[in-house]
Every structure is written in structure tokens, then in C-alpha cells.
Amino acid sequence: MNANEVRNILGPPQNRQFSGDNEAWQYCVTGIDIPDKFVLIWMYKETVTGMETYRNTEFGPCESFFRQVKFENAPDIVIETRKR
């Protein structure tokens, strides 16, 4: 997927972090009686390279609990994709 496809499905990211051509988008879903659920989308040159999820059980707004992204933990970069 590319950045526009992700944006069309999940909306604009609630948190964006950059390192060169690498980018990380984070989203949060919260509820009254459930732990916050976070989605981290990894991208390289606006192409998705991976995704991970995590949870938060502390009280407060989602924006307070987005992770500081460590780009050394990013998935391997997609160099080329081919349609057959």
C-alpha cells in the first residue's frame, strides 16, 4: 500500500515521525472500558513496509501515549515491487 491508500482507510495519522525517507504513522482507538489500542505503520518513500500494534492501560488521552519511534527497529525496506 502507499500513503494515500492508508490515509483513505484509516484517515490522517494522529502522530507522524520522520527520519530521512522513513516515516512512521501512529493511530489510536480508545474506549471507556477497554485499553487503548495503537497501530504503528512503517513507510519508506510513502510505501508501507510494515505494521505493528501495541496497547496502553494507563488513563489519559491517546495523544499522551504514542511511542517515540526508534527507526533502527523499522522493517526492512522494500526496494522493488513487481506486478505479474
Side-chain angles (χ1 to χ4, degrees):
M1 294 181 98
N2 64 40
N4 287 330
E5 292 170 319
V6 173
R7 193 176 285 111
N8 287 338
I9 294 169
L10 297 176
Q14 295 167 295
N15 178 274
R16 267 175 101 181
Q17 297 178 43
F18 303 89
S19 178
D21 289 331
N22 292 295
E23 193 170 344
W25 290 10
Q26 295 190 79
Y27 296 89
C28 176
V29 177
T30 189
I32 294 174
D33 58 350
I34 61 169
D36 297 340
K37 297 176 189 176
F38 293 85
V39 176
L40 171 62
I41 309 287
W42 295 98
M43 294 189 205
Y44 176 74
K45 293 186 177 181
E46 297 196 3
T47 299
V48 173
T49 58
M51 182 184 95
E52 60 184 79
T53 60
Y54 60 97
R55 292 184 181 265
N56 171 54
T57 57
E58 296 180 48
F59 181 75
C62 282
E63 296 80 23
S64 299
F65 301 105
F66 285 119
R67 287 184 179 169
Q68 180 62 38
V69 174
K70 296 180 180 177
F71 284 94
E72 62 269 17
N73 295 336
D76 291 337
I77 297 169
V78 175
I79 302 299
E80 177 181 12
T81 58
R82 295 181 184 187
K83 293 182 180 180
R84 294 181 187 233

Check your understanding: Under 4.5 Å between side-chain heavy atoms, hopping through other hydrophobics if needed: is there a path connecting V69 to V48?
Key -> no
Study note, to complete from the structure: Correct closest heavy-atom pair for F38 and F65 would be CZ-CB, 3.7 Å
Review point. Do F71 and L40 belong to the same hydrophobic cluster, where Ile, Leu, Val, Met, Phe, Trp and Tyr are linked whenever their side-chain heavy atoms lie under 4.5 Å apart, directly or via other members?
Key: yes
**Study point:** Euclidean distance, R16 CZ relative to E23 CD, rounded to 0.5 Å
**Key:** 4.0 Å
Check your understanding: With T30, which residues qualify under side chain to side chain donor-acceptor pair (under 3.5 Å), at least two apart?
Key -> D36
Revision key, fill the gap. Nearest heavy-atom approach of P75 to G50 is CG-CA, 3.9 Å
Check your understanding: Please, which pairs that meet salt bridge (Lys or Arg N to Asp or Glu O under 4.0 Å) have at least one residue in residues 5-14, sequence neighbours excluded?
Key -> none
Exercise for review: I would like to know whether V39 and M51 meet side-chain contact (heavy atoms from CB on, under 4.5 Å); could you show each step before the answer?
Suggested key: CA-CA 7 Å; V39 176; M51 182 184 95; 3.8 Å; yes
Review point. Which distance, rounded to the nearest 0.5 Å, do you find between the CG of N56 and the OG of S64?
Key: 9.0 Å
Practice item. Output all residues satisfying salt bridge (Lys or Arg N to Asp or Glu O under 4.0 Å) with E52, sequence neighbours left out; order by chain, then residue number. Key: R67
Exercise for review: Without swapping roles, check the side chain of Y27 against the backbone of G11 for a donor-acceptor pair under 3.5 Å.
Suggested key: yes
Exercise for review: Hey, could you give me the CD1/OG1 distance between I41 and T53, rounded to the nearest 0.5 Å?
Suggested key: 10.0 Å
**Study point:** Interatomic distance, S19 atom OG to Y44 atom OH [nearest 0.5 angstrom]
**Key:** 11.0 Å
